[in-house]
Structure formats: structure tokens, C-alpha cells
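Below is one structure, written out as C-alpha cells; comments come after it.
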Amino acid sequence: MSRYTKNDIFRMVEEEDVEFIRLQFTDIFGVMKNVAITASQLEKALDNKCMFDGSSVEGFVRIEESDMYLYPDYDTFEIFPWRPQKGKVARLICDVYLPDGTPFEGDPRNVLKKVIKEARDMGYIFDVGPECEFFLFHTDDNGLPTTVSHEKAGYFDLGPTDLGENVRRDMVLTLEDMGFEIEASHHEAAPAQHEIDFKYNEALITADNIMTFKLAVKTIAKRHGLYATFMPKPKYGINGSGMHVNMSLATLDGKNIFADEDDALGLSEDAYHFIAGLIEHANGMAAITNPLVNSYKRLVPGYEAPVYIAWSATNRSPLIRIPASRGNGTRVELRNPDPSANPYLVLACCLAAGLDGIKRKLKAPESVDCNIYEMEACQRAWAGIETLPESLIEAVKCLKNDKVICDTLGSHILSKYIEAKEKEWNDYRSRVSQWEIDEYLFKF
């Protein structure tokens with residue numbers, strides 16, 4: 001059921017003295033874009049008549065077919081609490097459509113909506129709760145980001161050791177002003193690393209919330225003279241940032257279908273099938289869940305990030321963990337996604353993988369309840385534990401070979417995405433790094 005009607009939005013704009021409205025959308029790489037209009041153009045926007053040049057957005061369309069339209073989702077109307085009190089700024093998240101009135105296949109939000117509809121047709125609602133980590137760094141004299149931080153705090157530390165405590169507090173208050181229900185916030189394991197967790201919701205709302213969360217975090221950090229980055233591994237020798245995804249399926253009347261009190265682990269058959277689907281497609285999804293060259297510098301042993309494709313209800317070393325909560329709180333946690341990923345595509349692929357497991361009744365392997373990092377290679381091989389891709393190009397190859405994930409993305413996004421990621425890898429592998437200079441220049 002919709003929160004807002006067109007008249008509700010007109011009324012709020014007038015009562016709250018909103019002067020500018022940002023029509024936001026997300027490109028295939030997870031970068032937020034927007035077209036700003038004044039309140040005088042609001043009726044045109046709400047009637048889906050705002051056009052933009054799609055050829056200027058990477059991964060969208062060619063210049064010969066550039067005209068595209070923004071269809072606002074009324075329920076995403078939100079006033080930015082950090083903008084002026086007079087002439088306020090609001091936003092609407094939009095779907096992208098073609099001139100003939102059909103959804104644009106290269107719109108990531110549309111990709112997620114398609115898989116959500118498939119789940120709903122099967123009688124399921126997909127609920128998701130993310131855990132978003134980020135770093136707060138100083139900026140230089142020109143206001144540009146650095147990787148410098150004076151703090152040395154660690155996991156769950158508090159002020160004055162945690163120098164980001166006040167910034168994080170302002171982020172939480174701002175997010176609450178925007179309708180988020182914040183469940184927890186704390187300092188993470190690495191110096192200058194933080195986490196803010198907000199309550200789960202249906203998948204499309206959660207994906208929208210992740211994009212809004214990133215914008216709010218970056219905006220409030222800048223107000224404190226800091227730079228917030230969602231880069232997965234900004235510094236060598238410390239933990240990287242993840243975006244663990246907690247997932248569950250519910251019936252249309254809200255009953256969690258992953259729960260079964262008669263099972264030894266409290267999990268239903270569908271939960272095991274869903275886990276098996278995630279395991280089946282983990283490699284194929286990796287280029288989406290971990291989309292950067294830098295992503296694979298986080299996915300290495302020794303820094304709490306998952307490397308091995310396995311699951312457990314008792315330890316945190318595998319790719320998939322089943323948190324302790326049971327009943328309506330029963331959920332599956334996928335631990336390899338990082339916050340640079342496009343949340344619409346990540347959730348679409350996760351849901352498609354899990355549904356594939358349910359439809360094909362895939363059997364989950366035995367849970368691995370010991371620390372996988374301490375196992376010998378022969379022990380992992382004997383247990384059938386595979387490893388996630390070790391590089392972006394390896395992940396792209398796995399993506400090409402996974403029909404379910406390819407079909408989920410659609411031919412447009414798939415081709416544009418692979419083209420861009422292969423170029424990213426080739427740019428990276430042809431560069432000479434400072435490590436190579438330090439290691440080889442004086443030796444040879």
C-alpha cells in the first residue's frame with residue numbers, strides 16, 4: 001500500500017517550503033545520479049514527463065537513442081534535513097523508462113523489481129537487512145580525500161578513543177530524521193572504520209535505503225571536515241569494509257518461511273534450498289557483490305572477510321552465516337558483498353540465486369562449524385569447500401558462465417557491465433604500482 005499520493009506530495013512541498021526536488025536514479029555501477037527541478041516543475045515530474053539524456057550516463061544507451069524518462073516513486077519522497085530551512089530540498093527516487101512507456105532494461109531498480117515480482121508470484125516477500133561499513137578519513141588542504149586518520153580505535157571502542165563518535169551520532173540523528181530505524185552504530189575493527197545498521201525491510205525499500213544511507217553518511221562526514229568512503233579496502237594491513245546482507249523470505253501475510261522449530265538448527269527445507277542456491281551461484285554473483293579490482297584485496301584470509309564458499313550456524317569464517325535469532329528473526333547472512341556494490345543488482349542476484357535453489361530443491365552441503373581459515377588445503381578439498389574468485393577478471397569469467405545470474409541482469413546490463421569490468425581490469429593490470437617500484441627497482 002502506497003504511503004503518498006500525488007496530492008500528498010504537492011501538499012508537503014507547499015507546507016514545508018520545498019523549492020528544489022532532486023529526481024534520483026542509480027546507474028548500473030551503483031553510482032547515484034540526479035536531475036534537479038524547482039517546485040514549479042513538480043507536476044510535470046509527477047506526471048512522468050521529465051526527460052533526460054541517457055547517453056550521458058555510463059552503461060545506459062548510445063547517443064542515437066538517448067531520450068529517457070524519469071518515473072518518480074511517490075513513496076520515496078523525502079526532505080533532506082541537511083539543506084536550508086527556507087527553500088528546502090527534497091528528493092524522489094525514480095525508475096527509468098523509454099519514450100514508448102516501457103521500463104528501461106538497463107535500470108538496476110527495474111532489474112530488482114522483476115525478481116521481486118517473480119518471488120511474489122511464488123507467494124514470497126523478500127526482506128533484507130544490510131550491515132554497511134565505511135571509513136572516515138581526513139581531507140587535505142584542498143578538501144580532497146586522503147587515507148589519513150589520527151585515531152587508533154578498534155572494535156566497539158568508545159570516545160575519547162573513538163574520534164568519530166560525534167560524527168557517527170550526527171549521522172544517526174540525520175538518518176532518523178529521514179525515517180530510518182537505526183538498530184545499532186559502533187566503531188568497527190580497523191582504525192577510522194565505522195558501522196551503522198538500520199532495520200530490515202522489503203528488498204526494494206532496502207536497496208533505496210542503502211543509496212540514501214551512503215548519501216547521508218558522505219554529506220554529514222563532509223560537514224565535519226571528513227571524507228566517508230565505501231571503498232572496500234582503502235588501506236593495506238587492516239580490515240576492509242563489507243556490506244553483509246541478511247535475508248529472509250516471508251509469506252504474503254508475513255510468516256517467515258525460513259523458520260522450522262522442529263529442525264535441529266531451526267531451519268526449514270526452503271531455508272536449506274535457499275542457502276544451496278546462494279552457494280551454487282556465489283562465484284557467478286561475485287562480480288556483482290564485489291565489483292571492483294579493490295574488492296578482492298578485502299577478500300583475503302586474516303581480515304575477517306569470507307574467502308571460502310561454505311555455511312555455518314556457529315562460526316563467522318564461512319561465506320554464509322545463520323545468525324542465532326530464530327522464529328520470525330530467522331535469516332541467512334551473506335558476508336562477501338561490499339559497500340561499493342550496486343544494491344539493486346546485489347539483492348536481485350541474491351534473490352534469484354535463492355529462488356533457483358528453492359525451485360530446483362538444491363541440497364545444501366554439510367555446515368562447516370570450525371574455523372575454515374585454520375584448515376589445511378587438503379582438509380578443505382576433502383570437505384568440498386571452494387574458494388571465491390581471487391580477482392575481478394576471475395569473477396567476470398564466473399559471471400559469464402552463470403546462466404541464472406546472466407538472465408537476472410538481462411542482456412543490456414550484462415554486456416555493458418562485463419565490457420566495463422574487463423576494461424577496469426586491463427587498466428589495472430597494465431599499471432606499474434608503487435609496490436613494484438619498491439620491490440624490484442633496486443633489485444634488478
Side-chain angles (χ1 to χ4, degrees), residues 16 18-22 24 26 30-34 36 76-93 129-151 153 156-199 201 205-232 234-235 240-243 338-341 343:
E16 296 292 334
V18 173
E19 183 56 39
F20 289 93
I21 299 97
R22 297 187 181 275
Q24 296 177 344
T26 300
V31 178
M32 183 182 285
K33 306 289 185 179
N34 85 118
T76 65
F77 180 83
E78 197 67 56
I79 297 172
F80 291 147
W82 57 78
R83 299 299 294 173
Q85 291 307 298
K86 281 196 169 183
K88 293 177 182 176
V89 179
R91 73 94 199 270
L92 284 159
I93 294 175
E131 301 174 31
C132 298
E133 297 172 347
F134 57 93
F135 282 87
L136 291 176
F137 291 130
H138 294 306
T139 56
D140 64 17
D141 292 340
N142 296 316
L144 298 175
T146 70
T147 57
V148 175
S149 173
H150 292 156
E151 71 145 58
F156 286 166
D157 278 349
L158 63 161
T161 306
D162 173 10
L163 300 182
E165 188 175 57
N166 289 336
V167 189
R168 207 169 58 242
R169 174 183 177 275
D170 283 357
M171 291 171 179
V172 168
L173 293 176
T174 299
L175 289 164
E176 287 186 333
D177 283 345
M178 299 181 75
F180 283 72
E181 183 175 337
I182 303 299
E183 294 189 327
S185 67
H186 59 87
H187 197 285
E188 257 295 336
Q193 188 183 33
H194 304 266
E195 178 175 319
I196 298 175
D197 300 329
F198 51 90
K199 188 177 180 181
N201 213 318
I205 296 172
T206 295
D208 288 342
N209 283 344
I210 291 171
M211 295 304 298
T212 302
F213 173 87
K214 290 182 180 181
L215 177 63
V217 164
K218 283 180 171 289
T219 300
I220 301 307
K222 187 174 182 180
R223 290 199 159 194
H224 284 263
L226 298 171
Y227 185 82
T229 180
F230 293 94
M231 180 179 176
K235 297 183 80 168
S241 289
M243 184 182 71
D338 68 56
S340 69

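Numbers here simply count residues along the sequence, with the first being 1.
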* To do: Fit a plane to each ring of F134 and F213, take the angle between them on a 0 to 90° scale, and name the class: parallel (under 30°), tilted (30 to 60°) or perpendicular (over 60°).
  => perpendicular

* Between F180 and I196, is a side chain to side chain contact (heavy atoms under 4.5 Å, CB included) present by the stated rule, with each step listed? -> CA-CA 11 Å; F180 283 72; I196 298 175; over 6 Å; no

* Asked: Just wondering, are more than 12 heavy atoms of other shown residues or ligands nearer than 6.0 Å to NZ in K88?
  -> yes

* Asked: With no hydrogens and no angle check, is any side-chain donor or acceptor of R223 less than 3.5 Å from a backbone partner on D170?
  -> no

* Check whether any side-chain heavy atom of F230 lies under 4.5 Å from a side-chain heavy atom of S340, and answer yes or no. => no

* Structure fact -> Looking only at heavy atoms, the pair that brings A228 and V217 closest together is CB-CG1, 3.7 Å

* Residue among E131, H194, Q193 satisfying side-chain contact (heavy atoms from CB on, under 4.5 Å) with E188 -> Q193

* Considering residues at least two apart in sequence or located in another chain, which fulfil the salt bridge (Lys or Arg N to Asp or Glu O under 4.0 Å) criterion with E183? -> none

* Determine, step by step, whether F198 and N209 satisfy the side chain to side chain contact (heavy atoms under 4.5 Å, CB included) criterion, reporting the C-alpha distance in whole Å, the side-chain angles of both residues, the deciding distance to 0.1 Å, and the verdict. => CA-CA 9 Å; F198 51 90; N209 283 344; 3.7 Å; yes

* Asked: What distance separates R22 CZ from M32 CE, expressed to the nearest 0.5 Å?
  -> 10.5 Å

* **For H187 against A153, the heavy-atom pair lying closest together** => CE1-O, 3.2 Å

* Hey, are the side chains of L136 and E151 touching, using non-hydrogen atoms and a 4.5 Å cut-off? -> no

* Asked: How long is the span from the OG1 atom in T26 to the NZ atom in K33, to the nearest 0.5 Å?
  -> 10.0 Å

* In chain order, what residues pass the salt bridge (Lys or Arg N to Asp or Glu O under 4.0 Å) check against D197, with sequence neighbours excluded? -> none

* To do: For residues E133 and P339, determine if any side-chain heavy atom of one lies less than 4.5 Å from a side-chain heavy atom of the other.
  => no

* Structure fact -> By side chain to side chain donor-acceptor pair (under 3.5 Å), K218 pairs with (sequence neighbours left out) Y227

* Rounded to the nearest 0.5 Å, how far apart are CE of M243 and NZ of K214? -> 6.5 Å

* Asked: Is there a side-chain contact between T76 and T212 (heavy atoms, below 4.5 Å)?
  -> no

* What is the minimum heavy-atom distance between T174 and P81, and which atoms define it? -> CG2-CG, 3.6 Å

* Asked: Distance-only, no hydrogens or angles: does the N142 side chain make a donor-acceptor pair with backbone N or O of L144 under 3.5 Å?
  -> no

* Structure fact -> Rounded to the nearest 0.5 angstrom, the CG-CD distance for L92 and E78 is 10.0 Å

* Once you round to the nearest 0.5 Å, how far does CG of L175 lie from CE of M171? -> 8.5 Å

* To do: May I ask you to test the F135-K235 pair for a side-chain heavy-atom distance under 4.5 Å?
  => no

* To do: Kindly compute the distance separating CG (D141) from OG1 (T146), expressed to the nearest 0.5 Å.
  => 10.5 Å

* Is a side-chain N or O of T206 found less than 3.5 angstrom from the main chain of N201, in a donor-acceptor match? -> yes

* Quick one: does Q24's side chain get under 4.5 Å of L215's, heavy atoms only? -> yes

